[in-house]
Amino acid sequence: MTNKILFIANWKMFGDLKSIKSIESVINISKKKRYRKAKIIYCPPFTLLNNFVIKTKKSTISIGAQNCHHEKDPGPFTGSISSSMIKKIGAEYVIVGHSENRSNGETNKQINDKIRNAITNNLNVIFCIGESLSDKKNKKTNSIISKQINLGLNKIEKIDKIIFAYEPVWSIGTGKVLKNQDLKKQILNIKNIIFKKFRKQKAKIIYGGSVNNKNINDLKQISQLDGFLIGGASQNSKKFIDIIKKTIN
Ligand code: 13P
């Protein structure tokens, strides 16, 4: 996997055929020498995966899916898509364990199955972890994250294909972000949890939750971060480029 600064665009349930044109400006900057330190990954909805793979073919941009089913294909799972299907269409990444799916009943066991299938199919995994507001208020952040990591990565020995995405649930789409010093502390806590389980292996950690072109100047100061997982602001190419430019410059 790459050692560049990761800018992962999670488009969630947004985007149609018309919106594909809007990423042309991002493709253009990805080709500039100045931004070669940036690794841009688009995670559009399933319906646009193929279009994004074709559109970004001659660039360094990679494509990821936003989820996958926990069972292997083929199988009688109406409306579901497996990691091998995602791989075959040309995507290289998959988001697993997003809080918007956890809150719909996705379990740690399913997350573990998804991750193991994804790795078997040679996909890189963007593994989302993070506490809810009530966890935070009850000072359970570290125990929740520890549980998510231990159960989500059960029977997994190598983490070279995993990107840990710390996304506090209360920060997603709310404009609320931890103060830099608190976020840094939290990232170090997570690194510690990972270190205990996967000694000596280097973990990649990114942050997600209300990242925008204003707070990026603060967030980029956290040297322990390997990049960002961006929702809302990534759907607007001007804002997304601004985030990339401010981080790299
Ligand atoms: P926002 O950037 O819109 O807060 O979303 C973050 C997120 O959930 C990315 O996965």
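Given the structure is predicted, the values throughout are model-derived calculations rather than measurements. All ligand and atom numbering here is 1-based and tracks the order in the structure.
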- prompt: Would one find an N or O of T174, backbone or side chain, under 3.5 Å from an N or O of ligand 1?
  reply: no
message: If hydrophobic clusters are built from ILVMFWY residues whose side chains come within less than 4.5 Å, do L153 and I126 share one?
response: no
- prompt: Which atoms of ligand 1 have any heavy atom of H98 under 4.0 Å away?
  reply: 7 (C), 8 (O), 9 (C), 10 (O)
- prompt: With distance as the sole criterion, is a donor-acceptor pair present between the side chains of H98 and Q66 under 3.5 Å?
  reply: no
- prompt: Taking only heavy atoms of G173, which atoms of ligand 1 are found under 4.0 Å from at least one of them?
  reply: 1 (P), 4 (O)
query: Does ligand 1 have an atom under 4.0 Å from some heavy atom of G208?
result: no
message: With a 6.0 Å cut-off (strictly less than), is the heavy-atom count around CD of E24, excluding the residue itself, greater than 12?
response: yes
query: E167 heavy atoms, cut-off 4.0 Å: which ligand 1 atoms fall inside?
result: 6 (C), 7 (C), 8 (O), 9 (C), 10 (O)
message: Please determine whether the number of non-hydrogen atoms from other residues, nucleotides or ligands lying under 6.0 Å from atom NZ of K246 exceeds 12.
response: yes
message: Test: salt bridge (charged side-chain N to carboxylate O under 4.0 Å, His left out). Region: residues 179-191. Which pairs qualify, not counting sequence neighbours?
response: none
query: In ligand 1, which numbered atoms sit nearer than 4.0 Å to a non-hydrogen atom of L229?
result: 9 (C), 10 (O)
- prompt: On the ring face of W170, is K176 found with NZ or CZ under 6.0 Å from the centre and within 45° of the axis?
  reply: no
field: For K12, the ligand 1 atoms whose distance to one of its heavy atoms is below 4.0 Å
entry: 5 (O), 6 (C), 7 (C), 8 (O)
- request: Report yes if the side chains of I61 and V26 come closer than 4.5 Å at any heavy-atom pair, otherwise no.
  value: yes
- request: Mind checking whether I172 contacts ligand 1 via backbone (N, CA, C, O), side chain (CB onward), both or neither, at a 4.0 Å heavy-atom cut-off?
  value: both
- request: With rounding to the nearest 0.5 Å, note down the distance linking OG in S84 to CG in N117.
  value: 9.0 Å
- line: ligand 1 to G231, heavy atom cutoff 4.0 Å, flagged ligand atoms 1 (P), 2 (O), 3 (O), 5 (O), 6 (C), 9 (C)
- prompt: Which ligand 1 atoms does G232 reach within 4.0 Å, using its non-hydrogen atoms?
  reply: 1 (P), 2 (O), 3 (O)
- prompt: Just distances here: any N/O of I230 and N/O of ligand 1 closer than 3.5 Å?
  reply: no
- request: Before signing off on this row, confirm whether A233 and ligand 1 have an N or O atom pair separated by under 3.5 Å.
  value: no
